[in-house]
Trainee: 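Shown below is the structure under consideration.
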Amino acid sequence: MEKYCPQELEKKWQEQWDKDGIYTTINNVPGQKKYYVLEMFPYPSGNLHMGHVRNYSIGDVIARFKRMQGFNVLHPMGFDAFGMPAENAAIKHNVKPADWTYANMDNMIRQQKQMGLSYDWNRLVQTCHPDYYRWTQYLFEVFYKKGLAYKKKATANWCDSCKTVLANEQVIEGRCWRCDSPVIKKDLAQWFLKITDYADTLLKDLDKLPGWPNRVKTMQHNWIGRSEGAEIIFNIPNFKENVTVYTTRPDTAFGITYMVLAAEHPLVDKLIKGRPDEAQIRDFIKRVHNQSEIERTSDKSEKEGMFTGAYAINPFNGAKIPIWIANYVLFEYGTGAVMGVPTHDSRDWMFAGKYGLDKKIVITDKEGKLTLDAMTDAYVDDGVLVNSGEFSGMNNRKAIPAMIDWLEKNKCGKRRINYRLRDWLISRQRYWGAPIPVIYCEKCGTVLVPEKDLPVRLPKDVKFDPGVVSPLAHSESFVNCTCPKCGGPAKRETDTMDTFICSSWYYMRYADAKNDKAPFDKDIVDSWLPVDQYIGGIEHAILHLLYSRFFTKVLKDAGLINFDEPFTNLLTQGMVIKDGSKMSKSLGNVVSPEEIIGKYGADTARLFILFAAPPERDLEWSDQGVEGAWRFLNRVWRIILHFAEEIKENKTTDVSLLTAKEKELRRVLHLTIQKVTDDIAARSNFNTAISSIMELVNAFYTSRDEHLQAGLINETATDLLLLLAPFSPHITEELWHKLGKTGSIHKAAWPKCDHSATVADEIEIVVQVNGKVRDKLKISSQTSRDDLKKQASELPHIKELTNGKNIIKIICVPQKLVNIVIK
RNA sequence: GCGGAAGUGGCGGAAUUGGCAGACGCGCUGGACUUAGGAUCCAGUUCCCCGUGAGUGCAGGUUCAAGUCCUGUCUUCCGCACCA
């Protein structure tokens with residue numbers, strides 16, 4: 001028998017598929033329903049890792065399955081090709097970022113082709129290509145024209161290793177998401193996208209995404225961080241100023257004993273000017289402002305504050321309260337000023353305790369026995385208002401709207417909804433990104449580069465040296481230009497865009513990847529999108545997935561598209577780990593996909609990675625598991641070739657002539673069809689789909705010597721190959737042709753379950769006594785309930801157990817079990 | 001602290017609607033074939049005091065019946081974290 005040799009046959013079929021263009025997708029095929037399956041495109045680091053292999057294997061199974069089910073499937077691939085590593089390579093190895101990036105992409109495409117993935121390569125998208133970033137710039141201008149892009153001076157997160165600023169979403173526990181260096185604060189004029197305008201929609205529309213994991217939705221929910229509360233305006237009589245605080249607990253307002261401003265609050269300067277301790281306070285402010293994210297949020301960092309010497313008036317009761325400055329108040333959130341209620345807020349309790357500030361109880365527990373002396377921490381539960389003027393006696397929850405009404409009536413406050421989400425900082429002081437298409441003219445101010453002049457191309461005369469900030473600023477040919485409005489001398493913006501902008505719309509570009517008149521044609525995009533199934537890592541739960549939702553909503557409002565959520569179903573795959581931790585160079589536990597494919601072939605690699613764990617869970621790499629997958633494919637190879645002669649007769653099964661054993665094999669076959677179809681389509685449980693195919697193969701082996709009907713052999717072999725085709729596309733294609741079948745197996749129709757074949761004549765019923773299995777009963781599946789009860793209770797072993805006991809009742813679950821309850 | 005997910009054999013994992021716990025694979029044990037096998041095929045493999053036994057992190061509860069539902073609790077992982 002010919003040996004299974006994947007190295008030869010995989011290459012052969014990859015070339016054949018390419019030649020025949022069997023994965024080329026045509027837009028809008030009449031009579032076919034569309035299905036868009038997409039894996040998150042990779043950063044072109046140079047080599048595929050196992051995480052990629054897992055990601056693409058999952059997507060490819062779905063794509064192939066849907067194609068066989070008759071859908072018109074869009075399954076494209078591309079590269080998120082801008083970003084820091086290309087620049088680092090330029091600095092380190094003196095190669096141009098473009099050369100490095102394109103060489104890496106070529107290599108990764110070669111590796112992807114080696115995996116036998118069914119992409120339509122005609123739709124390849126590379127975000128660093130001028131034909132793509134031209135439209136990224138165009139979309140920036142769409143945002144700008146809608147007032148959703150603006151430049152402002154702000155305290156930004158700065159990564160001193162990457163020499164650039166970062167968006168909030170890109171700071172992970174005080175560190176840079178890419179290089180893990182500590183993030184520091186820096187005041188810079190930066191471009192922002194107004195994602196906060198969409199905070200409420202982004203939050204509410206999470207409900208429109210039943211196909212997303214709850215985990216991701218919860219994370220986005222928390223990230224957006226909506227809270228309902230009130231603004232309260234406090235007068236500062238000595239300075240003729242007002243300060244507004246934001247609070248979610250206006251019901252505690254009579255308990256305010258102090259107020260705290262953020263160090264950056266604009267009023268601070270005025271309040272402390274000329275005070276004897278002004279210098280000390282300014283030192284304190286400076287220190288707080290320069291505190292890194294890590295210092296600020298570490299558990300050890302104490303709440304620290306200083307008194308400004310000024311007092312504000314509580315509008316509710318006229319109380320005079322001291323104004324403090326403290327490190328725990330964030331300028332960016334709310335109004336940058338908070339009220340202090342030590343008795344009903346734990347943080348305030350600690351702060352007041354440390355600095356000896358007053359405490360006043362305004363909410364009491366059910367017994368009304370709350371006393372300051374007995375308290376060891378703030379009382380944050382609900383209760384009844386006391387010491388609260390006209391509101392005393394009210395339930396505190398009910399007092400909240402009442403007290404806000406009072407504020408509005410007396411013009412010293414109002415209702416307010418607040419979000420934790422901040423605007424998206426998109427400027428990057430780097431070279432390898434899409435230039436922000438803006439020109440600064442002394443006469444005309446900020447001017448957009450006219451559409452006809454796009455793209456603003458990256459210059460080639462750039463030197464890469466370590467530590468250089470904004471390489472574009474050093475390129476005179478780039479910076480100096482003429483104003484599009486007045487024709488006078490002007491300067492270009494030298495920042496580039498966050499690469500997350502490029503990846504916020506690439507999935508739309510695939511639909512119409514070669515359009516040179518627009519980012520895409522509206523009708524074509526609307527015909528393909530939203531993406532039916534998106535697959536990627538959980539690490540993008542907030543970042544890419546939130547940004548993409550935002551882009552989709554803005555582009556819809558701009559009339560460019562007609563859908564408001566980009567991804568209908570989301571599958572977040574787990575990591576590939578080895579020896580208990582994530583594969584990484586530093587741990588030396590990396591397994592190279594190319595090596596595995598070289599040794600066993602892509603079919604084995606794909607099969608193992610899909611079989612070893614369900615997709616959402618982390619997957620422990622196992623060399624022995626790979627051997628198992630390899631053995632299984634060899635088993636398939638041998639059993640199919642064993643029956644080659646019978647199969648070539650190409651007969652259909654004559655159901656009327658089947659023996660009992662043949663019937664059983666055919667039953668297993670059709671149960672497998674049902675199970676595999678359900679596992680792929682409804683559950684994305686590829687591991688159990690594969691295990692049931694293995695069971696089918698085992699059953700085929702078991703009945704190998706039964707002189708099976710040629711029709712049944714043909715049916716079993718054909719359907720087996722079809723079921724396995726999405727997982728291991730090469731071996732199934734090879735066997736398909738060896739058996740004399742015509743056309744590509746990947747163009748064939750998915751097998752249908754014959755439900756009449758899945759019914760067993762005789763079934764086994766479990767017989768329990770008091771819930772414990774005591775016997776089993778083989779009966780016809782047609783047996784009536786009463787008959788079943790009777791037969792079960794008359795089993796000799798059961799009779800022994802029930803003899804002399806009272807039978808209280810008999811539970812009967814059809815097709816499954818009988819439970820006799822005795823006493 | 002808040003929010004989320006998960007705890008099942010030696011290992012990866014299965015049990016979809018409350019109905020035989022451990023499918024499938026790995027590993028291990030034995031057999032067959034063989035000059036030989038680390039190939040292949042077949043069989044066995046939760047544990048123990050080996051029976052009317054125990055068993056899905058732990059302690060309770062509901063039910064004829066619980067890995068699955070309820071209450072409490074422990075552990076691990078992940079996300080957010082002075083957000084007022």
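Note on naming: letters A, B, ... go to the chains in the order of the sequence lines (proteins, then strands), and numbering restarts at 1 for each one.
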Trainee: Checking A:Arg226 side chain against A:His221 main chain: does a donor-acceptor pair fall under 3.5 Å?
Mentor: no

Trainee: For A:Thr335 and for A:Ser622, locate the closest nucleotide of RNA chain B by heavy-atom distance; then report the residue assigned to the nucleotide nearer the 5' terminus.
Mentor: A:Ser622

Trainee: To the nearest Å, how far apart are A:Asn685 CG and B:A23 P?
Mentor: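 Answer to the nearest Å: 17 Å.
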
Trainee: What nucleic acid atoms does A:Phe632 come within less than 4.0 Å of, heavy atoms only: base, sugar-phosphate, or nothing?
Mentor: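 A:Phe632: no heavy atom of the nucleic acid under 4.0 Å.
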
Trainee: If the plane angle is over 60° it's perpendicular, under 30° parallel, otherwise tilted; pick one for A:Phe500 and A:Trp177.
Mentor: tilted

Trainee: Check every strand shown and say whether A:Val821 touches a base, only sugar-phosphate, or nothing at a heavy-atom separation below 4.0 Å.
Mentor: sugar-phosphate

Trainee: Distance check: side-chain N/O of A:Arg638 vs OP1/OP2 of B:C41, anything under 4.0 Å?
Mentor: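 Checking B:C41 against A:Arg638, a side-chain N or O does come within under 4.0 Å of OP1 or OP2.
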
Trainee: Could you check whether any side-chain heavy atom of A:Trp349 comes within less than 4.5 Å of a side-chain heavy atom of A:Asp345, counting everything from C-beta outward?
Mentor: no

Trainee: Answer with base, sugar-phosphate or nothing: what part of the nucleic acid does A:Glu620 contact at a heavy-atom distance below 4.0 Å?
Mentor: nothing

Trainee: Counting neighbours of NE2 on A:His289 that are heavy atoms of other residues, nucleotides or ligands and sit closer than 6.0 Å, is the number greater than 12?
Mentor: yes

Trainee: Please classify the nucleic acid contact of A:Asn698 as base, sugar-phosphate, or nothing, using heavy-atom distances under 4.0 Å.
Mentor: sugar-phosphate

Trainee: Rounded off to whole Å, could you give me the CZ-to-C1' distance for the A:Arg683 and B:A14 pair?
Mentor: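 It is 9 Å, rounded to the nearest whole Å.
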
Trainee: Which base sits across from B:U40 as a Watson-Crick or G-U pair, both distances under 3.5 Å?
Mentor: B:A32

Trainee: Hey, is the side chain of A:Lys776 pairing donor to acceptor with the base of B:C20 inside 3.5 Å?
Mentor: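 Per atom types, the contact qualifies.
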
Trainee: Pick the P atom in B:C24 and in B:U73, then give their distance to the nearest Å.
Mentor: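 About 40 Å, rounded to a whole number of Å.
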
Trainee: Pick the P atom in B:U8 and in B:G57, then give their distance to the nearest Å.
Mentor: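 The answer is 6 Å between these two P atoms.
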
Trainee: Taking for each residue the nucleotide of RNA chain B with the nearest heavy atom, is it A:Arg635 or A:Val813 whose nucleotide lies nearer the 5' end?
Mentor: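 Closer to the 5' end of RNA chain B: A:Val813.
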
Trainee: In the structure shown, which nucleotide is the Watson-Crick or G-U wobble counterpart of B:A5, with both distances under 3.5 Å?
Mentor: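 Across any shown strand, B:A5 pairs with B:U76.
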
Trainee: Considering only side-chain heavy atoms of A:Tyr701, which listed nucleotide, B:C24, B:C20, B:C41, is closest?
Mentor: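 Of all the options, the side chain of A:Tyr701 is nearest to B:C41.
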
Trainee: Step by step, work out the side-chain contact (heavy atoms from CB on, under 4.5 Å) result for A:Asn242 and A:Phe234.
Mentor: CA-CA 6 Å; A:Asn242 286 327; A:Phe234 289 71; over 6 Å; no

Trainee: Under a 3.5 Å limit for both distances, which nucleotide forms a Watson-Crick or G-U wobble pair with B:A23, could you say?
Mentor: none

Trainee: Starting the side chain at C-beta, find the nucleotide from B:U40, B:G12, B:A84 nearest to A:Arg631.
Mentor: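 Out of B:U40, B:G12, B:A84, the nucleotide with an atom closest to A:Arg631's side chain is B:U40.
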
Trainee: Kindly indicate, with the supporting measurements, whether the criterion side-chain hydrogen bond (donor to acceptor under 3.5 Å, both in side chains) is fulfilled by A:Asp358 and A:Tyr258.
Mentor: CA-CA 8 Å; A:Asp358 286 347; A:Tyr258 66 95; over 6 Å; no

Trainee: Counting any heavy atom closer than 4.0 Å, what does A:Asp618 reach on the DNA or RNA strands: base, sugar-phosphate only, or nothing?
Mentor: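 Result for A:Asp618 = sugar-phosphate.
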
Trainee: Please measure how far the P atom in B:A21 lies from the corresponding atom in B:U46, and state the result in whole Å.
Mentor: 14 Å

Trainee: From CD of A:Gln768 over to C1' of B:U52, roughly how many Å is that when rounded to an integer?
Mentor: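 Rounding to the nearest Å, CD of A:Gln768 and C1' of B:U52 are 15 Å apart.
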
Trainee: Contact class for A:Val329 (heavy atom, under 4.0 Å): base, sugar-phosphate, or nothing?
Mentor: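 It contacts base atoms.
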
Trainee: Which nucleotide, B:G3, B:A23, B:G13, lies nearest any side-chain atom of A:Asn222?
Mentor: B:G3

Trainee: Base of B:G60 relative to its sugar, syn (within 90° of 0) or anti?
Mentor: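 Chi for B:G60 falls in the anti range.
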
Trainee: From C-beta outward on A:Met219, which listed nucleotide comes closest to its side chain: B:G19, B:U16, B:G79?
Mentor: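 For A:Met219, the side-chain atoms sit closest to B:G79.
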
Trainee: Side chain of A:Asn687 only, heavy atoms from C-beta on: which candidate in B:C82, B:C20, B:A14 is closest?
Mentor: B:A14

Trainee: Looking at B:G19, B:G13, B:C41, which one has an atom nearest to any side-chain atom of A:Pro614?
Mentor: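 The nucleotide sitting nearest to the side chain is B:G13.
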
Trainee: Quick one: which of A:Asp382, A:Asp251, A:Asp381 gives a salt bridge (Lys or Arg N to Asp or Glu O under 4.0 Å) with A:Arg397?
Mentor: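 Only one of A:Asp382, A:Asp251, A:Asp381 forms a salt bridge (Lys or Arg N to Asp or Glu O under 4.0 Å) with A:Arg397, namely A:Asp382.
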
Trainee: Anything under 30° is parallel, anything over 60° is perpendicular, the rest tilted; go ahead and classify A:His265 against A:Phe331.
Mentor: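 Ring orientation, 0 to 90° scale: perpendicular.
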
Trainee: To the nearest Å, how far apart are A:Arg215 CZ and B:C2 C1'?
Mentor: 17 Å

Trainee: Between B:G18 and B:G53, how far apart are the two P atoms, rounded to whole Å?
Mentor: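 Looking at atom P only, B:G18 and B:G53 are 28 Å apart.
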
Trainee: Considering only side-chain heavy atoms of A:Phe611, which listed nucleotide, B:A84, B:C64, B:G25, is closest?
Mentor: B:G25

Trainee: Could you tell me how far apart A:Lys809 (NZ) and B:C64 (P) are, to the nearest whole angstrom?
Mentor: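 One finds 5 Å between P of B:C64 and NZ of A:Lys809, rounded.
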
Trainee: When you measure from the side chain of A:Arg774, which nucleotide among B:A14, B:C24, B:U52 comes out closest?
Mentor: B:U52

Trainee: Expressed as a whole number of angstroms, how long is the span from A:Met575:CE to B:A5:P?
Mentor: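 Taking atom P of B:A5 as the reference, CE of A:Met575 is at 18 Å.
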
Trainee: What integer number of Å spans the P atoms of B:G9 and B:G55?
Mentor: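 Result for the P pair: 14 Å, nearest Å.
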
Trainee: Would you mind classifying the nucleic acid contact of A:Lys675 as base, sugar-phosphate or nothing, using non-hydrogen atoms under 4.0 angstrom?
Mentor: base

Trainee: Counting only side-chain N and O atoms of A:Arg617, is one of them less than 4.0 Å from OP1 or OP2 of B:A14?
Mentor: yes

Trainee: How many whole angstroms separate atom CG of A:Asp579 from atom C1' of B:G12?
Mentor: 14 Å

Trainee: Round to a whole Å and report the spacing from CD1 of A:Ile690 to P of B:G13.
Mentor: 14 Å

Trainee: Which nucleotide sits closest to the side chain of A:Lys303: B:G27, B:C82, B:A84?
Mentor: B:C82

Trainee: Which whole number of Å gives the distance between the C1' atom of B:U40 and that of B:A6?
Mentor: 40 Å

Trainee: Suppose you measure atom P in B:G37 against the same atom in B:A23; what distance do you get, rounded to whole Å?
Mentor: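 Here B:G37 and B:A23 have their P atoms 30 Å from each other.
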
Trainee: Using a heavy-atom cut-off of 4.0 Å across all strands, would you classify A:Arg416 as base, sugar-phosphate, or nothing?
Mentor: nothing

Trainee: Give the nucleotide from the list B:C64, B:A84, B:G13 with an atom nearest to the side chain of A:Ala613.
Mentor: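 Shortest atom-to-atom distance from the side chain points to B:G13.
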
Trainee: So among A:Trp621, A:Tyr600, A:Phe686, A:Phe727, which one has a ring-ring contact (aromatic ring centres under 6.0 Å, His included) with A:Phe608?
Mentor: A:Trp621

Trainee: Using the P atom in both, what is the distance from B:U34 to B:G27, to the nearest Å?
Mentor: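 One P to the other, the span is 25 Å.
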
